[in-house]
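None of the values given here were measured: they were computed from a predicted structure.
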Amino acid sequence: MPDASNSGRYERLTNPLVREGGGFRPATWDEALDHAAAGLKSIVDRHGPRAFGLFSCSKSTNETNFIAQKFARVVIGSNNIDSCNRT
């Protein structure tokens, strides 16, 4: 968030944060990734894989887009993946 000490520029995050008690706290990378994975699993468990969607960027490499679609289809079980490659 901007503040007076850095002339309104945003500071770059260098460590992950996890939401806790209405705010954020620093976490390890392993804890943050586990937290994100648990959140995705919770959504898929409650609402099914069709509740998940992934939008990939046309500026990404073909390899990155390939991995993104494999993750959505194989790991999550969703065909809800698209990208803006047509633009």
Checklist entry - Going by side-chain heavy atoms closer than 4.5 Å, which hydrophobic residues are tied to Leu17, directly or by a chain of links? => result Leu13, Phe24

Checklist entry - So which residues get pulled into Phe71's cluster when ILVMFWY side chains under 4.5 Å apart are joined, directly or through others? => result Leu40, Val44, Phe52, Leu54, Val75, Ile76, Ile81

Checklist outcome for this item: Those residues at least two apart in sequence (or on a different chain) that pass salt bridge (charged side-chain N to carboxylate O under 4.0 Å, His left out) with Lys70 are none

Just jot down the side-chain contact (heavy atoms from CB on, under 4.5 Å) partners of [X], sequence neighbours excluded, or say none.
X     : value
Ala32 : Pro16, Val18
Ala51 : Ile43, His47
Thr61 : Glu63, Thr64

Checklist outcome for this item: Contacts satisfying salt bridge (Lys or Arg N to Asp or Glu O under 4.0 Å) that involve residues 42-57 (not counting sequence neighbours) are Lys41-Asp45

Item to check | Residue pair Ser78 / Pro49: nearest heavy atoms and the distance that separates them | outcome: CB-O, 3.2 Å

Checklist entry - Please, which pairs that meet side-chain hydrogen bond (donor to acceptor under 3.5 Å, both in side chains) have at least one residue in residues 27-38, sequence neighbours excluded? => result Arg25-Glu31

